[in-house]
A.B. asks: 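Provided herewith is a single structure, encoded as structure tokens, for subsequent inquiry.
Here, residue 1 is the first one in the sequence, and each next residue gets the next number.
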Amino acid sequence: MHLLENIREAFRSIQSNLLRTVLTALIVSIGIMSLVGILTAIDAIKSSLTNTFASLGANSFEMTAKGYNNRFRRGGVQGRTYPAINYLQARQYKERLGDDAQVGISAFITGATEVKAGGLKTNPNMQVVAGDENYLRIQSYNLEAGRSFSPSELEVGANVAIVGTEIKDKLFPNQSAIDQYVFFLGQRFQIIGQLEASGSGMGGGGGADRLVLIPLITGNQLPRQRALTFDIKTATTDPDNLNFIMGQATGIMRAVRGDRLGQEDSFELERSDSAVATLDSLSGNLRMGALLWALLRC
């Protein structure tokens, strides 16, 4: 009986204070809707920030042989120089890491080559890079026209190429460059894709505008005076998972390189710490803002 009487008293109170009841319900409803809306907006902003900073390397790291590119000193003592990462080691690392992250393998062929077609030629400062199927995605390069390498082209090492806008504008100013043939490094290549313009901003050297990308196997088969050095870049879609992936990558590469127990790593991992720190700071500010908003609405 006490429960029923309490319910009746509640309805009598609502009827006697109908305006106050309606206004209170509206305030609560608007507060909840505002909170849900601001949390949704914050999630969208964080996702946009993550995608933006991914292009700056905030979700990736590079792997190189320790001391190979430049001799380093530790405590005034010159560090040991280890052999460069070869093609077999890079492939084994990529296969063992599996689907935990995306691995891009590339090799810098030359940064001073001349590309020719139909009696025209570019300046002798075009860069030729050999890359795998993940190279464009990890480097945040987009295609303006054409397509990327097919699995068969990557497997057999076909003479196909993806070129930057500066090469297209110089050699094919009034027509599409797709399916056209160009000559460089003593061989003929068919253009299958064109990169979006990147300008001369980050990365220098014209960015992707002066780039010629060929399949990794093709680059490995080109005549050369010295062995290629292969660059490995690993990326994850979740920046919060990057430290775990780096630890896993270290263990895999130690096994691939044959580093003995107790021996220092024969390689080093490099990441864009400034981009990571900025992303963490912005994400933390967004979370704090959401918390304060929730407290104010309560």
Side-chain angles (χ1 to χ4, degrees), residues 54 57-111 127-140 149 151 154-157 203 213-273 275-276:
N59 66 336
S60 63
F61 59 90
E62 297 185 15
M63 184 178 294
T64 57
K66 183 174 292 184
Y68 183 81
N69 293 327
N70 47 59
R71 294 182 179 273
F72 62 97
R73 292 179 178 272
R74 181 180 301 165
V77 179
Q78 182 170 290
R80 179 179 174 183
T81 300
Y82 290 90
I85 298 174
N86 59 40
Y87 178 71
L88 179 60
Q89 293 171 346
R91 291 295 304 178
Q92 289 179 346
Y93 165 79
K94 182 177 180 178
E95 292 171 358
R96 294 188 186 185
L97 191 59
D99 298 330
D100 292 337
Q102 289 184 345
V103 178
I105 304 175
S106 63
F108 181 78
I109 307 299
T110 178
Q127 301 181 22
V128 180
V129 174
D132 62 3
E133 70 278 5
N134 293 328
Y135 180 82
L136 293 178
R137 186 182 304 109
I138 292 181
Q139 296 294 336
S140 299
F149 302 129
L154 290 168
E155 183 176 355
V156 303
L213 180 66
I214 61 177
L216 191 62
I217 298 294
T218 306
N220 198 34
Q221 294 172 346
L222 288 174
R224 57 187 182 274
Q225 297 179 347
R226 59 179 178 82
L228 292 177
T229 58
F230 293 89
D231 301 318
I232 303 176
K233 190 169 185 178
T234 306
T236 176
T237 55
D238 183 9
D240 296 333
N241 200 33
L242 187 59
N243 289 330
F244 171 77
I245 296 297
M246 292 181 68
Q248 191 175 12
T250 299
I252 292 175
M253 184 53 78
R254 284 186 61 89
V256 168
R257 298 268 287 180
D259 294 347
R260 297 187 302 273
L261 184 65
Q263 174 190 337
E264 68 171 357
D265 297 338
S266 62
F267 55 92
E268 51 190 358
L269 307 182
E270 298 180 359
R271 56 187 283 188
S272 178
D273 290 329
V276 173

A.B. asks: Measuring from E62:CD to I138:CD1, what's the distance to the nearest 0.5 Å?
C.D. replies: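 Here the rounded value is 10.0 Å.
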A.B. asks: Given the rule in the side chain to side chain contact (heavy atoms under 4.5 Å, CB included) test, do T236 and F244 qualify, once you have shown the distances and angles that lead to the verdict?
C.D. replies: CA-CA 10 Å; T236 176; F244 171 77; over 6 Å; no
A.B. asks: Using atom types as modelled and distance alone, determine if a side-chain donor or acceptor of T250 lies under 3.5 Å from a backbone N or O of M246.
C.D. replies: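 It does hold such a pair.
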A.B. asks: Quick check: closest heavy atoms across G104 and N134, and the distance to 0.1 Å?
C.D. replies: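 Heavy-atom minimum between the residues: CA-CB, 4.1 Å.
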A.B. asks: If you measure from CG on L269 to CE on M63, what distance do you get to the nearest 0.5 Å?
C.D. replies: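 Between atom CG of L269 and atom CE of M63 there are 4.5 Å.
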A.B. asks: Give the minimum heavy-atom separation between A101 and A235, together with the two atoms involved.
C.D. replies: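 Closest heavy-atom pair between A101 and A235: CB-O, 3.2 Å.
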A.B. asks: Show the nearest heavy-atom pair for residues I85 and A90, with the distance to one decimal.
C.D. replies: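 Heavy atoms only, the tightest pair is CG2-N, 4.1 Å.
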A.B. asks: Could you give the distance from OG1 (T64) to CZ (F230), rounded to the nearest 0.5 Å?
C.D. replies: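 Interatomic distance, T64 OG1 to F230 CZ, rounded to 0.5 Å: 15.0 Å.
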A.B. asks: Looking at every heavy atom in both L213 and F149, which two are closest together, and how far apart are they?
C.D. replies: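 It is O-CZ, 3.3 Å.
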A.B. asks: Out of curiosity, Q89 CD to S266 OG, how far, rounded to the nearest 0.5 Å?
C.D. replies: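 With rounding to 0.5 Å, CD (Q89) is 7.5 Å from OG (S266).
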A.B. asks: I'd like to know if the side chain of D132 and the backbone of Y135 have a donor-acceptor N/O pair within less than 3.5 Å.
C.D. replies: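 Checked: pair present.
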A.B. asks: How far apart are the closest heavy atoms of G219 and A130, and which atoms are they?
C.D. replies: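 Minimum heavy-atom separation between G219 and A130: CA-CB, 3.9 Å.
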A.B. asks: Evaluate side chain to side chain contact (heavy atoms under 4.5 Å, CB included) for L222 paired with I214, printing each intermediate quantity in order.
C.D. replies: CA-CA 11 Å; L222 288 174; I214 61 177; 3.9 Å; yes
A.B. asks: How long is the gap from CD on Q248 to CZ on R96, to the nearest 0.5 Å?
C.D. replies: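 Taking CD in Q248 and CZ in R96, the distance rounds to 12.5 Å.
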A.B. asks: One thing to verify: whether R257 and D265 come together as a salt bridge, which I'm taking to mean a side-chain N less than 4.0 angstrom from a carboxylate O.
C.D. replies: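 Looking at R257 together with D265, the answer is no, because their closest N to O distance does not fall below 4.0 Å.
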A.B. asks: Go through the steps for Y82 and E268 under the test side-chain hydrogen bond (donor to acceptor under 3.5 Å, both in side chains), then give the verdict.
C.D. replies: CA-CA 11 Å; Y82 290 90; E268 51 190 358; over 6 Å; no
A.B. asks: Nearest 0.5 Å please: distance from the CG atom of L216 over to the CD1 atom of I105.
C.D. replies: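 Atom-to-atom, L216:CG and I105:CD1 are 6.5 Å apart.
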A.B. asks: Does D231 reach the main-chain N or O of A107 with its side chain, forming a donor-acceptor pair under 3.5 Å?
C.D. replies: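 Flag not set: sc D231 to bb A107 has no pair under 3.5 Å.
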A.B. asks: Could you walk me through whether F108 and V128 pass the side chain to side chain contact (heavy atoms under 4.5 Å, CB included) test, one step at a time?
C.D. replies: CA-CA 7 Å; F108 181 78; V128 180; over 6 Å; no
A.B. asks: Taking only residues two or more places apart in sequence or in another chain, which ones pass side-chain hydrogen bond (donor to acceptor under 3.5 Å, both in side chains) with Q102?
C.D. replies: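 In terms of side-chain hydrogen bond (donor to acceptor under 3.5 Å, both in side chains), with neighbours along the sequence ignored, Q102 is linked to no residue.
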A.B. asks: Taking atom types as modelled, is there a side-chain donor on Q92 or Y87 under 3.5 Å from an acceptor on the other?
C.D. replies: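 No, Y87 and Q92 have no side-chain donor paired with an acceptor closer than 3.5 Å.
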A.B. asks: With F61, which of I232, T234, N243 fulfils side-chain contact (heavy atoms from CB on, under 4.5 Å)?
C.D. replies: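 Per the side-chain contact (heavy atoms from CB on, under 4.5 Å) rule, the option paired with F61 is T234, out of I232, T234, N243.
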A.B. asks: So for atom CD, which belongs to E155, do other residues, nucleotides or ligands contribute more than 12 heavy atoms lying within a distance under 6.0 Å?
C.D. replies: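 Atom CD in E155 is not packed in, count stays at 12 or less.
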